[in-house]
Amino acid sequence: MKSEYNQSCSCHRYSALSVVLLAGIAASWASTGTTAVEPGRTSSGVSSSDSAYAGLEESVITQMRADFTEAVESMAATERAISSLDAGFPENRLLWPPIARAYRASLEGLIGKHS
């Protein structure tokens, strides 16, 4: 059974993860660079019918999630997750699916946590 202190730490850890991931998603949406809203698009530049997961297979999404979960625990795992993402997508990150950009940005945030 976990002590009260460990339960509190776990809660804080997952809260921090959620904040980092949401910040990454927000950053990826902000990087679209759209200045005018076209018909059928939102102000973020993403079509209302587009998905953050568009073009990704379930296995890739599952791997990104697993890598990110491990990355929370150590810098080495964070570096492996970054390498995995960078190898799996084009060099130009603007071409990445939004969720991949969000995970990449969140991993950058974890570097600061581990430093």
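- Within the 4.5 Å cutoff, side-chain heavy atoms of Ile82 are placed close to those of Glu108.
- A distance of 8.5 Å separates CG of Leu56 from CD1 of Ile99, quoted to the nearest 0.5 Å.
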May I have the step-by-step check of side-chain hydrogen bond (donor to acceptor under 3.5 Å, both in side chains) for His114 and Ser74, ending in yes or no?
CA-CA 7 Å; His114 295 308; Ser74 74; 5.9 Å; no

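- Thr69 OG1 to Met64 CE: the interatomic distance, rounded to the nearest 0.5 Å, is 11.5 Å.
- Under a 3.5 Å cut-off, the side chain of Ser84 and the backbone N or O of Arg80 do not form any donor-acceptor pair.
- Proximity of a side-chain donor or acceptor of Thr78 to a complementary backbone N or O of Ala71 within less than 3.5 Å is detected.
- Between Phe89 and Trp96, the two ring planes are tilted [angle within 30° to 60°].
- Taken to the nearest 0.5 Å, the NZ atom of Lys113 stands 13.0 Å off from the OG atom of Ser106.
- Residues Leu110 and Phe68 have side chains in contact (heavy-atom distance under 4.5 Å, counting atoms from C-beta outward).
- With Arg93 contributing its side chain and Arg101 its backbone, the two residues share no donor-acceptor pair below 3.5 Å.
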